Asks: 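Before I ask anything, let me first share the structure, which is written out below as structure tokens.
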Protein chains: 2
Amino acid sequence: MRVSDKHSKITQAAVKVFARKGFFNARISDIAKEAKVADGTIYLYFNNKYDILISLFEDEIGKIIHQVKLLLEREDDPCKKLHIFARHHLLLLEEKKDLAEVLQMELRQSNKFMKEYRNTKFIEYIDIISAIIHQGQDMGIFSKNISPGIAKRAIFGALDEMSRLWVLADAPHYTIEETATQVCNLFLHGLKNPLAH
Amino acid sequence: MRVSDKHSKITQAAVKVFARKGFFNARISDIAKEAKVADGTIYLYFNNKYDILISLFEDEIGKIIHQVKLLLEREDDPCKKLHIFARHHLLLLEEKKDLAEVLQMELRQSNKFMKEYRNTKFIEYIDIISAIIHQGQDMGIFSKNISPGIAKRAIFGALDEMSRLWVLADAPHYTIEETATQVCNLFLHGLKNPLAH
DNA sequence: CGAACAAAAATGAATATCTATTCATCTTAG
DNA sequence: CTAAGATGAATAGATATTCATTTTTGTTCG
């Protein structure tokens, strides 16, 4: 078996176990069992338990960034770009439920217990949103009153909270497509009724 | 010393310690030391470590709900109500940084590791937002195309993500007032430039 | 071809540490 | 003087990490 195979086998197992039990309640031996590997083997590929989580973030968010950037570069309209981003973010729930769950629940904690770790991949991810907003403003489609630095966080936060609904609720009320569209419309047109005086 | 004094002394200490180290890394002995109480004393007031966290949620979110409802009932305009809610949510960061941090970081995890615990107080909190949206729709000010069930989560998610920025960053770029206003405007008017064709 | 060997990889039992919880004992209040 | 409240040392269980040993892999040479 190639080295990289075992590395990714362990990563995949860790995603499953972290999703099921959360980082702190997950035992190394759980991950080892899931990966069909001895406990000690994990330490040949990772320095410690935190390292598994961090390395998982870097790799998987890296892939997501790559994918969504590919989708976005084929589109010009910032409104449609926003929709693509929202849809892609939420679709992760369908395609890789465990991964979505881990990123959702554990990512937020990570900065807390690993003070030294600066999550640059995460920054790169949300900066995709601010780039879209900037583009929209330059094209005159989006209002210049809006701070892209605030809007990028607001939009990411909104999408991520919708994710949380799926992760925690067993039978969510809305479909993913419906939600992506609704959230996009909300951010594009706002709550205000255009027909009102 | 009255019983309730010791209960709340321990709760306050737990808030500080959870904020500093996170729930899992916090030791009971840390909380005991912070509360100037023996380790065993904690078990006279709480069943176990989880119970401290849950009881803290219930109590503190309860107070927040009470406060913000008081503020809201004096106002009629749903737009202004939304602003009051946003401002109040973010102001917690200034007034009770540790508490904000614990609610921000640990609340999300709680449903995960305590499967049986349904956070009804949290539901009650975000339902304040959907009530505002409903009212706005009934008054014809807000568009009927928007699902209050989705919008409440989107708005809460956006605000909470802004909180996270403050909790993690040492020197945030924006003031709380500025942020509350920006986020509200974004949700009220959307990204789209009204001057564009 | 395959036997012999060395290096690399993998194993999992043992270690070392950590900490939530208990409870026999002591202190305080009424 | 008693009962409620508080104490903190001892217990019991858990588990991340190590490392002596075993297994696998790849290479050399008769």
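Order of the sequence lines fixes the chain letters, A, B, ..., with proteins taken first and strands second; residue numbering starts at 1 for each chain. The model shown is predicted, which means the values in this text are computed figures rather than measured ones.
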Asks: Would you say C:dT19 has OP1 or OP2 under 4.0 Å from some side-chain N or O of B:S29?
Replies: no
Asks: Between C:dA10 and A:K6, is there an OP1 or OP2 to side-chain N/O distance shorter than 4.0 Å?
Replies: yes
Asks: Determine the interplanar angle of the B:F18 and B:F23 rings, folded into 0 to 90°, and report it as parallel if under 30°, tilted if 30 to 60°, perpendicular if over 60°.
Replies: tilted
Asks: Roughly how many Å is it from CG in A:N48 to P in D:dA16, rounded to a whole number?
Replies: 11 Å
Asks: If you only use heavy atoms from C-beta on, which nucleotide in D:dA16, D:dG8, C:dT11 is closest to the side chain of A:T41?
Replies: C:dT11
Asks: What is the distance, to the nearest angstrom, from the NZ atom on A:K49 to the P atom on D:dA14?
Replies: 15 Å
Asks: Round to the nearest Å and state the distance from B:I10 atom CD1 to D:dG5 atom C1'.
Replies: 12 Å
Asks: If I take atom CD1 in residue A:I52 and atom C1' in nucleotide D:dT17, what distance separates them, rounded to the nearest angstrom?
Replies: 12 Å
Asks: Of the candidate nucleotides C:dT19, D:dA16, C:dT21, which contains the atom at the shortest distance from the side chain of B:D39?
Replies: C:dT21
Asks: Rounded to whole Å, how long is the line connecting atom CZ of B:R27 with atom C1' of C:dC18?
Replies: 9 Å
Asks: In terms of side-chain heavy atoms of A:I28, which of D:dA16, D:dT7, C:dT21 is nearest?
Replies: D:dA16
Asks: Heavy-atom distance under 4.5 Å between the side chains of A:L165 and A:E161, does that happen here?
Replies: no
Asks: Is A:Y45 near enough to C:dA10 that one of its side-chain N or O atoms lies under 4.0 angstrom from OP1 or OP2?
Replies: yes
Asks: Rounded to whole Å, how long is the line connecting atom NE2 of B:H7 with atom P of D:dA4?
Replies: 20 Å
Asks: In whole angstrom, what separates B:L44's CG from C:dT22's P?
Replies: 11 Å
Asks: If you pin A:A26 and B:V37 to their nearest nucleotides in DNA chain D, which one's is more 5'?
Replies: B:V37
Asks: Using heavy-atom distances to pick each residue's nearest nucleotide on DNA chain D, tell me which of A:Y43 and B:K36 is more 5'.
Replies: B:K36
Asks: Are any of the side-chain nitrogens in A:E34 or A:K9 under 4.0 Å away from the carboxylate oxygens of its partner?
Replies: no
Asks: Backbone N or O of A:S143 within a donor-acceptor pair of the A:Q137 side chain at under 3.5 Å?
Replies: yes
Asks: In terms of side-chain geometry, is the basic nitrogen of B:K63 or B:E58 positioned less than 4.0 Å from the acidic oxygen of its partner?
Replies: no
Asks: B:F24 CZ to D:dT15 P: how many Å, rounded?
Replies: 12 Å
